[in-house]
Amino acid sequence: QVQLVESGGGLAQPGGSLRLSCAASGFTFSSYAMSWARRAPGKGLEWVSDIDSDGSPTYYADSVKGRFTISRDNAKNTLYLQMNSLKPEDTAVYYCNANVRAIGATRTNDYWGQGTQVTVSS
């Protein structure tokens with residue numbers, strides 16, 4: 001079964017940094033693009049960043065460009081989001097997302113992790 005497990009969230013001060021991780025299992029990780037999305041309090045889901053299967057970023061939201069960096073380690077089946085110069089408006093639950101074909105399955109499906117809370121506050 002496919003699993004995506006986010007970690008690394010927590011409390012940071014404005015201007016600080018955090019690195020989020022997403023541990024993936026149940027599919028051939030290196031074959032698929034991956035994404036980060038977030039939901040801030042009282043707001044809808046915002047797409048944050050995408051990365052292709054071999055590690056090239058393909059999308060950053062305007063709100064995070066120049067501050068966040070998406071990366072992956074295919075040998076570790078792990079996706080990362082390095083967040084620098086954090087702002088209070090970055091406060092959100094951050095989710096790892098992928099549309100993948102599970103090992104043994106015949107079709108793709110959309111999968112989400114449970115989310116990790118990021119709070120930016122002084």
**Student:** What closest approach, in Å, do Met34 and Ala98 show between heavy atoms, and which atom pair accounts for it?
**Tutor:** SD-CB, 3.4 Å

**Student:** Is the number of heavy atoms from other residues, nucleotides or ligands under 6.0 Å of Gln114 CD greater than 12?
**Tutor:** yes

**Student:** Write down the atom of Val48, the atom of Leu81, and the distance for their closest heavy-atom approach.
**Tutor:** CG1-CD2, 4.3 Å

**Student:** What residues join Val5 in its hydrophobic cluster, counting side-chain heavy atom gaps under 4.5 Å, either direct or through other members?
**Tutor:** none

**Student:** Donor-acceptor pair, Thr91 side chain versus Glu89 backbone, under 3.5 Å?
**Tutor:** no

**Student:** Taking all non-hydrogen atoms of both residues into account, name the closest pair between Ala102 and Val2 and its distance.
**Tutor:** CB-CG2, 3.6 Å

**Student:** Which residue pairs pass the salt bridge (charged side-chain N to carboxylate O under 4.0 Å, His left out) test with at least one member in residues 65-74, sequence neighbours excluded?
**Tutor:** Asp62-Lys65, Arg67-Asp90

**Student:** Determine yes or no for a side-chain-to-main-chain donor-acceptor pair under 3.5 angstrom, with Gln13 supplying the side chain and Ser122 the backbone.
**Tutor:** no

**Student:** Report the residues that fulfil side-chain hydrogen bond (donor to acceptor under 3.5 Å, both in side chains) with Thr119, sequence neighbours left out, ordered by chain and then residue number.
**Tutor:** Gln117

**Student:** Kindly state each residue pair satisfying salt bridge (charged side-chain N to carboxylate O under 4.0 Å, His left out) with at least one member in residues 44-57, sequence neighbours excluded.
**Tutor:** Arg38-Glu46

**Student:** Can you name the residues that form a salt bridge (charged side-chain N to carboxylate O under 4.0 Å, His left out) with Arg101, not counting sequence neighbours?
**Tutor:** none

**Student:** State yes or no: do Met83 and Tyr59 share one hydrophobic cluster built from I, L, V, M, F, W and Y residues joined by side-chain heavy-atom distances below 4.5 Å, directly or via other members?
**Tutor:** no

**Student:** Ile103, Val100: one ILVMFWY side-chain cluster at the under-4.5 Å cut-off?
**Tutor:** no

**Student:** Could you list the donor-acceptor pairs under 3.5 angstrom formed by side chains in residues 16-23, with sequence neighbours left out?
**Tutor:**
from	atom 1	to	atom 2	distance (Å)
Ser17	OG	Asn84	OD1	2.8

**Student:** Hydrophobic clustering (ILVMFWY, side-chain heavy atoms < 4.5 Å, transitive) - are Phe29 and Tyr32 grouped together?
**Tutor:** yes

**Student:** A side-chain contact here means heavy atoms from C-beta on lying under 4.5 Å apart; do Ser7 and Thr116 qualify?
**Tutor:** no

**Student:** Does any N or O in the side chain of Ser49 come within less than 3.5 Å of the main-chain N or O of Trp36, such that one atom is a donor and the other an acceptor?
**Tutor:** no

**Student:** Only pairs at least two apart or in different chains count here, so list each ring pair (Phe, Tyr, Trp, His ring centres under 6.0 Å) that has a residue in residues 74-118.
**Tutor:** Trp47-Trp112

**Student:** If I compare all heavy atoms of Leu4 with all of Ala24, which pair ends up nearest, and what's the gap?
**Tutor:** CD2-CB, 3.7 Å

**Student:** So which atom in Ser35 and which in Leu79 form the shortest heavy-atom distance, rounded to 0.1 Å?
**Tutor:** O-CD2, 3.8 Å

**Student:** Please name all residues satisfying side chain to side chain contact (heavy atoms under 4.5 Å, CB included) with Ser53, sequence neighbours left out, ordered by chain then number.
**Tutor:** none

**Student:** How far apart are the closest heavy atoms of Arg39 and Lys43, and which atoms are they?
**Tutor:** CG-O, 3.3 Å

**Student:** Check the side chains of Asp110 and Asn97 for a donor-acceptor pair under 3.5 angstrom, ignoring hydrogens and angles.
**Tutor:** yes

**Student:** Using the ring pair (Phe, Tyr, Trp, His ring centres under 6.0 Å) rule, collect all pairs that involve residues 2-22, keeping only residues at least two apart or in two chains.
**Tutor:** none

